[in-house]
Amino acid sequence: MNLRELYDKRRGQFWGDILPYLGYVIQSGVAVVTLFLLIAFAAWYTAFLQHIPQGLPIRWIMLVILLPIVINSSVRTYLRSADTVFLLPQESRMSTYFRKGWISGVVYKIIGLGIVLLILWPLYIRSDTSPKTLLVTFLVLVALKLLASYGSWREQLMVSRTAAGAYRLLRWAVSALGIAAWLWHPSGRSLIFIALLGLAYGFAVRFPVRHLVAWERLIAIERRQAGRVMLVLSWFVNVPQREQRVHARKWLSGWGRGVPWGKDEAYRYLLVKSFARSDILGILVRVGLLGVLLVWLTREDWASAAVYWIGLLIIGLQLSALRKLHPESFWLHIYPLPEGTRRESENKLIFQVQLFWVVLLWLPLIPAVPGTPDRTLLTLAGGIALVLLSRWNAVRKNRRADDDDE
Amino acid sequence: MSEQPVLSVQGLSGGYSINRPVLHDITFQVQPGEMVGLIGLNGAGKSTTMKHILGLMNPQKGEIEVQGKRRTEDSEAYHSALGFVPESPLLYDELTVREHLEFTARSYGVSREDYESRGEQLARLFRMEEKMDSLSTHLSKGMRQKVMIMCAFVARPSLYIIDEPFLGLDPLGIRSLLDFMLELKASGSSILLSSHILSTIENYCDRFVVLHRGSIIAQGTLEEMREQAGRPGLPLEELFNVLVQGGSGI
């Protein structure tokens, strides 16, 4: 069996399934909004570069932005459940299969890293008192990225999940230390430090006992990654949903108990539970907190209103994925749920979560209320109007769908 | 019997394609408090019959009534009277065992008190107490099947449709399931059960429906079927062989 060809075939199949949707993504209104956001960001960033505040903690900003990009080391394997039977005999040769995925994953991510670095660079060289050179910085980051990718792959093969967790922490620490050393210290010394750190880390990851191929783990990870691609596409078009990653989040296990008991609210119970353990919640919290930070940073002028409204729009977009959590659920066909409660429950939950973010995103503007009541209150009113409009639109769409069903 | 049947299937023909029906003129009934075994070879049409009863497929011909109601008349009432245990467990990855039971109880309009007492009883019966707060993804296949069974039982509908329930269950699980089915039967619930383990269901089912290539070739009590086949005293497994092989089985 030619494993390299098999990998290529599977990759071709996956992206062949995705490509037809890209046309719809480009046509959709959301794509225009994304483009508008990009243009708005470019305009804001250009203006910001011309008036950089004194004492901007640029090294910290660089560290916070670059660290997750250096760390992110996912590899698409396109493995399937049946492989545990049919590819198992090829286990000793599977490195041929994975090599291409690992290389292309790293190459794409290095390109992304390069783009982000180029965007950050004008801010860095204008703000830092002793900036490093672009090329060497890029090479250092690439070296750290390669090291993190190697470590991440090794972690996936480790037999002990506790050891893998510890090594994950170590990978974050090593990457953070490497970037920080480069940003804060003179080039020569920091390069020696990074080289020694990398050698020690590379040596350390060789110790734990590992599988030749961690089949089940890799299959589960692949399923999640494919699910994530579909999740992103689902923001723009209706796509068949694949399995999403489920997070245990025990601290949220009580959420949903307060949903009123009864058939009418049964679907809302399922939806709240699914939402609490979904990727959507994680994404929402990250986007929301970034929104809070940006609103706070721009609180002095009208840019805060734009950030606030755009933040709410993005949150609304993320929440729309809730409607696709259980599109073809078997039990929803079997259980005697009253007609229409499904859409009602979705609208209700989305509305409640949006209202929560309307308030939370506005909190950084509270100190500005006495000074500029018109601007801050108008910002809030706009946010409420946006959420009400989105609810009205959803209800209207539901009515239309009900009419079509009849 | 003058009582209204819990399930009535009349002249059902159906399948995935109109030109090639899988089921041909199926007629049988399940009475209150009765356990009926639906038996047949692989591909005989057992699961397709169940799918039609569950409303997952529409009949090309014929009628299906549950508690005297057709699905097209009152879907909610129809489905309220039905509980289903599928052949392979179909669980929500995002829910724990307890939450599956709660979602089912809520969907069927079971009161909170009844849900709590039934849930505890079922957890004890199927030895799942320690797994009640585990996500379904962390369960073994047998445990997942137990969750399916517990969900159907927490709802307490009038009719249970149970497809190959013993697959993946350990011997104690099978025993608990059979005992509980007898208990349900005694309390007036009806069960339509499909299984290949004929020696086990022989002693539990009141009647049998034998499907072969989409048609009913025999139905009735074990005694009645023996008479139809002209083989008195034959155990169900051998009788089944005789019926599906046209008498050449023994």
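Letters A, B, ... mirror the listed sequences (proteins, then strands); counts begin at 1. Because only heavy atoms are used, hydrogens play no part in the values below, and waters and symmetry mates are left out as well, while side chains stay in. This structure is a prediction, so every number in the text was calculated from the model and none was measured.
- For S75(B), no part lies near chain A; criterion is any non-hydrogen pair under 4.5 Å.
- Contact of R249(A) with chain B is not made at all, since no heavy-atom distance falls under 4.5 Å.
- Remark: D264(A) does not engage R106(B) in a salt bridge, criterion side-chain N to carboxylate O under 4.0 Å.
- Between R277(A) and S253(A), the side chains place no donor N or O within less than 3.5 Å of an acceptor N or O (distance only, hydrogens not considered).
- A distance-only check finds no donor-acceptor pair linking the side chain of K273(A) to the backbone of R257(A) [under 3.5 Å].
- With hydrogens and angles ignored, the 3.5 Å screen pairs a side-chain donor or acceptor of D83(A) with a backbone N or O of R80(A).
- Of the listed residues (A266(A), S329(A), A276(A)), the greatest number of heavy-atom pairs within a distance under 4.5 Å of chain B belongs to A266(A).
- For chain A, the option among S111(B), S107(B), G83(B) with the highest count of heavy-atom pairs below 4.5 Å is S107(B).
- Both the backbone and the side chain of L90(B) come within contact range of chain A, each with at least one heavy atom under 4.5 Å from a heavy atom of that chain.
- Ion pair E155(A)/R161(A) not flagged as a salt bridge, since none of the NZ, NE, NH1 or NH2 atoms sits closer than 4.0 Å to an Asp/Glu carboxylate oxygen.
- The pair E164(B)-K46(B) does not meet the salt-bridge criterion, since no charged nitrogen lies less than 4.0 angstrom from a carboxylate oxygen.
- Heavy atoms closer than 4.5 Å to chain A are found in the side chain of Y115(B), but not in its backbone.
- No other option in Y335(A), F275(A), W261(A) has as many heavy-atom pairs under 4.5 Å with chain B as W261(A).
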Point to revise | ring-ring contact (aromatic ring centres under 6.0 Å, His included) between Y160(B) and F153(B), worked out | key: CA-CA 8 Å; Y160(B) 294 90; F153(B) 290 161; 5.2 Å; yes
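- Between chain A and the options L95(B), D133(B), L82(B), heavy-atom pairs under 4.5 Å are most frequent for L95(B).
- Counting heavy-atom pairs under 4.5 Å between each of T104(B), T96(B), V110(B), L54(B) and chain A puts T104(B) at the top.
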